[in-house]
Structures are given as C-alpha cells and as structure tokens.
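These values consider heavy atoms only, across backbone and side chains, with no hydrogens, waters or symmetry-generated copies.
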Protein chains: 2
Amino acid sequence: MRNTKATIKGGNAGRNRGHNRRVVLDYVRRNEPTGRAEIARSCGLSVQAVSNITDALAADGLLQVVGKTTGKRGKPVVQYRFNPDESYAVGIEMRPDAMVCAVLNLNGKLIVADRIAISNATPERAIPMACALIEKTINSAGRPPDKLLGVGVVMPGPFGESALSGIGDANLPGWQNTDIKHSFEKALGCTVVVENDATAAAISERVAGVATKIDDLCFIYFGTGLGLGVIAGGHSQSGAFGNFGEIGHIITQIDGNICTCGNSGCLETYASRMAAKTYLEMRGHTAIDTQAITRLMAENDPDLRAWIGQAATHLSLAIGMIENIFDPETVVLGGAMPDSIIEALIAQLTLPHGSVANRKDRSMPRIIKGASGRNTAAIGGASIIIHQTTTPALSLFN
Amino acid sequence: MRNTKATIKGGNAGRNRGHNRRVVLDYVRRNEPTGRAEIARSCGLSVQAVSNITDALAADGLLQVVGKTTGKRGKPVVQYRFNPDESYAVGIEMRPDAMVCAVLNLNGKLIVADRIAISNATPERAIPMACALIEKTINSAGRPPDKLLGVGVVMPGPFGESALSGIGDANLPGWQNTDIKHSFEKALGCTVVVENDATAAAISERVAGVATKIDDLCFIYFGTGLGLGVIAGGHSQSGAFGNFGEIGHIITQIDGNICTCGNSGCLETYASRMAAKTYLEMRGHTAIDTQAITRLMAENDPDLRAWIGQAATHLSLAIGMIENIFDPETVVLGGAMPDSIIEALIAQLTLPHGSVANRKDRSMPRIIKGASGRNTAAIGGASIIIHQTTTPALSLFN
DNA sequence: TTAATTACTCAAGTAACTTGAATTAAATAT
DNA sequence: ATATTTAATTCAAGTTACTTGAGTAATTAA
C-alpha cells in the first residue's frame with residue numbers, strides 16, 4: 001500500500017479556531033500592550049472575532065487586561081498583554097557528562113535552573129534521572145505540574161546512523177536507536193520535543209534573547225562540537241532526517257587537521273571546545289575545562305590567545321559561508337563557552353568582504369553574542385515549547 | 001507608528017476553503033488517480049467536504065474523473081486526476097545577453113520555449129521586450145491569455161545593494177533598485193513572482209523533475225556564477241533579503257584564486273561557467289561558449305578534463321558542506337551547463353566520507369543530475385507559479 | 001455644546017465543515 | 001443464484017466560528 005499521508009491537512013472551523021488563537025496570542029506577545037481593534041486590523045480578522053478570541057484567551061489566563069490608552073482621539077483602547085506566568089515550559093539538556101534542567105515562564109525568562117552530573121549516560125540510566133531532575137526543578141520553581149506546557153529535550157546531534165554517528169565525544173552513547181521523544185513522553189506524560197543544541201539555542205534567542213523581532217537568523221553554537229541553528233521566516237530548520245546544521249564537519253582547510261570523522265580540515269578541529277582543549281593540552285596545559293579556560297582568558301594566556309586567533313580565522317570563513325548561504329539578518333554566536341571567549345572570538349573575526357551581508361543599510365551587526373549564557377541549551381529546550389505554543393504553525397492544521 | 005503587520009493572518013471560512021482546495025488539489029496531483037474517500041482520510045477532512053471540494057475543482061476544470069476501480073471489494077472508487085491542461089504557467093529567464101521564455105502545463109511539462117538575444121539589458125529596454133516575448137510564446141503555444149496562472153521572472157542574484165552587487169557578469173546592469181515584480185505586474189496584468197535562478201531550478205525539480213516526491217532537497221545551479229536553491233519541508237528558502245544561496249562566493253581554498261568580489265578562493269572561481277571559460281582561455285582556447293564546451297567535451301580535450309577535475313574537487317567540498325548543513329534527501333546538480341559536463345563532474349566527485357549524508361539506508365544517491373536541461377531557469381520560473389497555486393501555503397491565510 | 005473619531009458590543013446571518021443515516025455497487029461467501 | 005460483507009458515496013440536518021451591520025460608548029477637537 002502506498003503512502004497516502006498528505007503533508008498538509010485540510011482545515012475546519014475547529015482547527016481554524018486553534019490557528020486564530022495562536023495568531024492573536026503571538027501578535028499580542030510581540031506587540032503588547034495592544035487593543036482588539038488593532039489586533040483585528042493586523043491579523044485580518046473582524047473585531048468581533050478578536051473580541052471573542054481575547055475573551056477566551058483571558059479566561060484561560062493567557063492574556064490580561066492592563067488598562068486603557070489616554071490622550072488619543074476616540075474611545076480609549078482596552079489594552080491587553082500576554083500573561084507569561086499562567087503556565088511554563090521546561091527544557092533539559094542531555095550531555096555525556098551532565099544534564100541541565102531549566103524552568104522558564106512564557107516570556108522565556110529563567111525561573112530556576114538545576115544540574116546534575118552523570119556518567120555512562122545510556123538511555124536506560126539517563127531518562128529516569130532526567131525525569132527526576134525535571135520534577136525536582138519544577139518543584140523548586142514552585143510551579144503546579146498541571147500548568148506545564150511541555151518539555152524540550154536538547155541533545156547533541158547528529159541523530160540516526162550515519163558516518164558522523166558516535167564520533168568524538170559529542171554524541172551520547174547508545175542513543176542512536178532510541179525513540180527519545182516517545183520514551184520521555186511515556187515517562188513524563190506531557191508534550192515532548194527533541195532537538196539539537198544549536199537549533200534550541202537559535203529558538204531561545206528568538207523567544208527571549210537578542211533576536212526577538214527577527215525572522216531570519218543563524219546561531220553558531222559551541223557545544224562539544226560546533227552546530228548551526230537556523231530560523232528562516234520565523235521557523236526553525238531541521239533537515240530531512242533531523243540533522244540540519246552539522247557545521248562542525250564542514251571543511252575549512254584542504255589537507256588540514258585530521259578529524260575523527262575521517263576527513264581533514266574540519267571546522268570543529270579549529271573552533272570548538274574540543275579544539276581549544278586539544279590545542280592547549282598539546283602545549284602543556286592540563287585539566288582544560290570551562291573554568292580553566294575562563295581563568296586562562298583572565299590571565300591573557302598567550303596559548304589561549306593564539307588558539308582564539310586561529311579559531312577566529314576559521315570561524316570567519318564559516319560565517320562568511322553562512323551569510324552567503326542563508327542571507328540572515330544577523331549571525332549569533334554562543335553556547336557552552338565562557339562569555340569572555342565568545343567576546344574575544346567576535347573581536348578577532350575578519351569577516352569576508354565579499355558577502356551579501358556586507359551592506360551599508362544594515363540595522364544590526366553581522367555578528368552578535370547570544371544572550372542566554374551557559375545554560376543556553378536547556379533554556380533553548382524550554383524555548384522550543386514556548387515557540388511552538390505561541391507561534392502559528394508552519395503547515396497549519398497538522 | 002510602529003509596524004503592526006502580523007506575520008501570519010487569521011483564518012475564516014473563506015480562507016479555509018481556499019486552503020482546503022489547495023490541499024486537495026496538491027494531494028490529487030501527487031497521488032493520482034485517487035478517490036474521494038482516500039483524499040478525505042489523507043487530508044483530515046470529511047468525505048462530504050471532499051466531495052464538495054472535488055465538485056468545485058472539477059467545475060473549474062482543475063480535476064477530472066477518469067474512471068472507476070475494479071477488482072476490489074466495496075463500491076468502486078470514482079477516480080479523479082489532476083487536469084494539467086486547463087491552465088498554464090509562464091517562466092522567463094532574464095540574462096545579461098538573452099532571455100528565455102517557457103510555457104508549461106500544470107504538470108510542469110514544457111509546451112513551448114523561445115529565446116531572444118539582447119544586449120544592454122537595462123530594465124527600461126528589457127521589460128517591454130520580455131513582455132513581448134511572453135505574449136509571442138503564449139501565442140505559439142496556442143493558449144488563451146485568460147488561462148494564464150502567472151509569470152515567474154528568473155534573474156541571477158544577488159538582489160539589492162551589497163558588496164556582491166554588480167560584480168562579475170552575473171548581475172544585470174541597473175536592476176538593483178528596480179521594483180521588478182511591480183514593473184512586470186503593471187505591464188502584464190497578471191500575478192508575477194521574481195526569483196533567482198537556483199531557487200527556480202530547485203522548484204522545477206520538485207514540480208516535475210527528479211524530486212517530485214521529495215520535501216528536502218538542494219540544487220546547485222550553474223549559471224554564470226554558482227547558486228544554491230533549497231527546498232526545506234516542501235518550501236523554498238529565500239533569506240531575509242531575497243539573497244539565499246549565494247554559494248558562488250563561499251571560500252573553498254584559503255589564499256586561492258582571486259575573485260572579483262574581493263575575496264580569494266571563492267568556489268565560483270573554480271566551478272562555474274565563468275571559471276571554465278577563464279581556465280580554458282588561459283590555456284589558449286578561444287570563443288568559449290556552451291557550444292564550444294560541448295565540442296571540447298566530445299573531443300575529450302585534456303584542458304577541459306583538467307578543469308573538470310579541479311572543479312570537482314572544489315564542488316565535492318561544497319557539496320559536503322551543503323549536506324552537513326541542510327541534511328537534504330539528495331543534492332541535484334544542473335543549470336546552464338551541457339549535460340555531458342554535469343555528468344562528468346558528478347562522475348569525478350569525491351564526496352567527503354564524514355557527512356550525515358553518508359548513510360547505509362539511503363534511498364537516493366547523494367548527487368543526481370537535474371532533469372530540465374538548458375532551459376532550467378525559465379522552466380523553473382513557470383514551476384514557481386505552478387508550485388504556488390497547487391501547494392498549500394506556508395503561512396496560511398496570508 | 002457639538003462634531004468627529006475610534007473602540008467596542010449585540011444580534012443576526014453565513015459559509016464551510018461535520019455527523020449520521022441511507023443508498024449504491026462491487027467482491028466474496030453460502 | 002442469493003445473501004453477506006465491504007467500502008464509497010450521497011442526502012439532509014446540525015455545528016462552529018467567523019462576518020456583517022446597526023447601535024452604543026468614550027474620548028478629543030472644534
């Protein structure tokens with residue numbers, strides 16, 4: 001029997017209702033405070049329809065009346081705003097060595113974050129531990145379980161079996177054939193989304209970071225490896241098999257450093273946490289972790305300086321590519337790397353002149369630093385849930 | 001006054017109707033012949049709704065009854081199929097030296113193509129000439145003007161002012177500040193879409209080429225320069241400023257060939273029609289055009305062979321990047337280059353081993369040749385119109 | 001004080017979908 | 001042959017969420 005599933009479903013009154021609620025909610029969130037007449041004009045709906053929808057959203061606690069306008073002609077506008085504290089979202093970052101859990105309100109504001117160390121992170125061991133951590137963190141945030149919108153699980157890619165599976169230390173052992181989403185859903189009993197760290201980070205910048213008003217952005221994420229998250233037209237990209245954005249293994253130098261993937265000259269061998277560790281250890285430094293790197297940076301260590309220099313060279317090349325490929329409004333740099341390093345890298349970049357991004361009328365810099373700091377991935381996971389519930393769907397009615 | 005335009009509009013019964021018609025039309029087109037009960041199951045609509053919709057589509061001539069099933073239990077299915085000849089779409093490729101016009105039926109089948117040479121292609125001169133060519137081609141295709149769905153205008157990017165504007169011979173002179181869409185719409189009085197060549201080519205492969213069943217694909221387009229068209233989740237990508245996919249100027253060799261853009265080592269200086277011309281002319285060949293290249297290829301010319309070899313090296317690198325970035329189902333190679341060259345390039349590629357595309361369970365090759373040949377761009381323009389009218393919109397209700 | 005302006009509400013109307021019962025037509029079982 | 005099963009389709013009524021149009025309210029400007 002052939003595959004008879006349509007990519008995009010048809011609509012009816014009920015699905016339309018859901019769509020319109022999301023449209024209105026999204027509009028208010030991004031333009032608050034605002035009134036019903038304005039919403040109606042902007043969203044292409046009648047005032048009456050908007051009135052009914054805002055009533056329903058207010059009854060659900062998602063919108064609030066915050067007052068009336070004065071000073072303008074005409075009847076004063078009853079102003080609505082998004083109520084970010086009616087419900088909340090949770091994100092959890094799964095790493096080989098640790099997991100981080102974050103609870104966010106619907107404006108993307110961090111309420112509580114927690115972390116536990118873990119070793120031998122097989123699915124059988126890690127998933128129950130993750131669920132316990134989630135429960136504990138929600139508890140310490142003082143939020144009722146029934147107001148949880150969902151959990152975003154963030155993992156380093158790539159997913160599935162390919163020539164990039166299980167190389168380096170980026171991947172979690174034994175997770176390639178696990179249906180992660182289903183396992184978590186079964187254990188938690190709520191909506192679960194699984195994403196890679198870079199995409200999660202990109203979404204977090206759009207939900208509450210440096211790109212809240214931007215529909216097209218690229219996020220270069222420093223995890224163990226290096227990832228790219230892209231939001232295009234307001235929607236995140238994930239590829240045919242969920243492996244979008246594996247820029248760690250693009251080749252920036254022919255016959256360059258040997259990489260564990262079998263190629264040579266991979267970007268990740270120059271610009272990543274792993275690359276920094278390797279580079280510094282080869283020069284006699286020991287016990288290189290985030291703290292150590294922060295300390296070396298504060299000491300203005302010449303080896304670290306040198307690493308930043310060459311990492312910036314390769315990153316500049318990669319950013320040039322990304323600009324010419326995606327034509328984003330801006331490129332954000334961030335992830336599990338100390339802020340001071342990100343800043344130094346940005347300062348050292350020499351971005352290619354020949355780029356569609358090299359425009360006189362830019363309203364944002366070509367490169368900016370991400371806002372969410374070291375818990376980016378977990379915050380990103382929760383942000384995905386927020387994004388999903390407050391953004392009208394790409395292919396509606398699915 | 002702030003920007004109060006919502007990205008995505010709300011829906012109502014009428015917009016829902018339009019959406020559902022597109023959903024059904026798209027489903028039938030991709031699964032014909034098919035019956036109403038199956039459509040209903042697949043599209044998430046009731047049988048009754050589908051019945052009304054197919055009646056309406058049939059009345060418009062867009063669907064046809066083609067018979068009944070036999071051999072199966074139950075009441076035989078009244079089978080519908082898409083009627084590709086009720087209306088038609090037109091594409092026009094604008095180049096600095098020529099324009100090509102193509103008339104396609106709604107299955108993406110070429111009915112007639114025509115071409116005229118042009119010099120000094122300023123907007124003032126070229127747009128009236130283009131409109132005349134369009135009229136003439138429609139005429140010679142014997143199609144009534146009122147059944148024209150729209151015109152897709154295809155131009156080499158990048159659009160707008162940037163450091164890449166007007167370099168090389170890829171760009172049209174004087175078009176950077178012209179509102180092309182509006183000028184054509186005014187002159188033609190029908191729907192007009194403007195796209196770059198690579199994106200148009202990608203869409204044409206999805207409408208009627210080698211990727212009709214694929215939702216995620218990348219198309220590497222040989223124009224004068226080199227472009228990338230991407231379809232992700234069934235929808236084409238265009239970037240924040242319409243300049244998505246300028247891969248000609250990604251750098252594949254540090255300190256490589258000097259490029260007109262000011263960088264060195266740009267992919268386009270190794271793998272493009274221009275690169276071939278430069279390479280061969282430096283080695284004493286003269287009057288290098290498409291015909292000449294075809295002839296040299298047939299003669300197995302060693303210089304051309306050598307060019308293909310080094311072009312393939314750089315292309316392999318770029319394809320590896322593209323695979324790791326976009327995670328597509330396949331990468332298509334094509335454009336304004338003789339088939340024999342495309343085939344030779346594909347044969348010479350040495351794709352990186354370390355790639356998410358290097359999977360055992362692939363159902364398609366990593367690289368395939370595009371289907372539409374030398375008129376790809378014009379055919380692509382018309383395909384965009386077809387895609388647009390038969391594919392449910394990305395952000396519905398806009 | 002009056003006019004103009006803008007927001008909002010009420011009640012009725014409408015379009016397009018869903019539902020459930022009835023009908024039809026073929027394959028298969030008796 | 002006839003009855004049963006299966007599945008598609010139609011009919012008529014019901015439902016939902018939106019739109020429309022008239023009317024009301026609250027404020028500024030003249």
J.: What contact category does B:Thr69 fall into here, base, sugar-phosphate, or nothing, at under 4.0 angstrom with non-hydrogen atoms?
T.: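 Nothing, no nucleic acid heavy atom in range.
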J.: Can you tell me how far P of C:dA7 sits from NZ of A:Lys75, to the nearest Å?
T.: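 Interatomic distance, NZ of A:Lys75 to P of C:dA7: 10 Å.
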J.: Between B:Ile384 and B:Val193, is there a side-chain heavy-atom distance shorter than 4.5 Å?
T.: yes
J.: How long is the straight-line distance from OH of B:Tyr27 back to CD1 of A:Ile8, given to the nearest 0.5 Å?
T.: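 Those atoms lie 14.0 Å apart.
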J.: Picking from C:dA27, C:dA25, C:dA7, which would you name as closest to the side chain of B:Pro76?
T.: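 For the B:Pro76 side chain, the nearest candidate turns out to be C:dA25.
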J.: Flag the pair A:Arg143 / A:Asp85 as yes when at least one side-chain heavy-atom distance between them is below 4.5 Å, and no otherwise.
T.: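 Yes, at least one pair of side-chain atoms sits under 4.5 Å.
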J.: If a pair means Watson-Crick or G-U wobble with both distances below 3.5 Å, what does DNA chain C look like in dot-bracket form, with | marking bases paired to a different strand?
T.: ||||||||||||||||||||||||||||||
J.: Taking the side chain as everything from C-beta on, heavy atoms only, tell me whether B:Ile379 gets closer than 4.5 Å to B:Leu104.
T.: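 A side-chain contact exists here, since the closest heavy-atom pair is under 4.5 Å.
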J.: Please list, in 5' to 3' order, the outermost nucleotides of DNA chain D lying under 4.0 Å from any heavy atom of chain B.
T.: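 Counting from the 5' end, contacts occupy D:dT5 to D:dT19.
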J.: Would a 4.5 Å heavy-atom cut-off, applied to side chains only, mark B:Asn20 and B:Cys43 as touching?
T.: no
J.: Would you check if A:Ile231 and A:Asp215 make a side-chain contact, meaning some heavy-atom pair closer than 4.5 Å?
T.: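 Heavy-atom side-chain distance check fails, nothing below 4.5 Å.
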J.: In chain order, what residues pass the side-chain contact (heavy atoms from CB on, under 4.5 Å) check against B:Thr389, with sequence neighbours excluded?
T.: B:Leu149
J.: If I take atom CD1 in residue A:Ile53 and atom C1' in nucleotide C:dC8, what distance separates them, rounded to the nearest angstrom?
T.: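 Value for this atom pair: 15 Å.
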J.: Report the residues that fulfil side-chain contact (heavy atoms from CB on, under 4.5 Å) with A:Ala371, sequence neighbours left out, ordered by chain and then residue number.
T.: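 For A:Ala371 the side-chain contact (heavy atoms from CB on, under 4.5 Å) partners, ignoring immediate neighbours, are A:Glu205, A:Val210.
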J.: Checking A:Thr199 now: which residues fulfil side chain to side chain donor-acceptor pair (under 3.5 Å) with it, not counting sequence neighbours?
T.: A:Asn196
J.: Do A:Arg36 and A:Thr54 pair up side chain to side chain, a donor and an acceptor below 3.5 Å, judged on atom types alone?
T.: no
J.: Can you check the A:Asp55 CG to C:dC8 P distance for me, whole Å?
T.: 11 Å
J.: A:Val77 or B:Gly74: which one's nearest nucleotide on DNA chain C is closer to the 5' end?
T.: A:Val77
J.: In this structure, how many angstroms lie between the C1' atom of C:dA27 and the NZ atom of B:Lys68, rounded?
T.: 15 Å
J.: Within the structure shown, what part of the strands sits under 4.0 Å from A:Lys72 by heavy-atom distance: base, sugar-phosphate, or nothing?
T.: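 Contact class for A:Lys72: sugar-phosphate only.
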J.: Is there side-chain contact between B:Leu217 and B:Val230, with heavy atoms separated by less than 4.5 Å?
T.: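 Counting from C-beta outward, B:Leu217 and B:Val230 never come under 4.5 Å.
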J.: Are there any protein N/O atoms within less than 3.5 Å of an N/O atom in nucleotides 18-21 of chain C, and if so, which ones and at what distance?
T.:
from	atom 1	to	atom 2	distance (Å)
C:dT18	OP1	A:Asn12	ND2	3.2
C:dT18	OP2	B:Ser46	N	2.9
C:dT18	OP2	B:Ser46	OG	2.5

J.: Want to settle it: does B:Arg73 or B:Gln79 sit nearer the 5' end of DNA chain D, counting the closest nucleotide to each?
T.: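 That would be B:Arg73.
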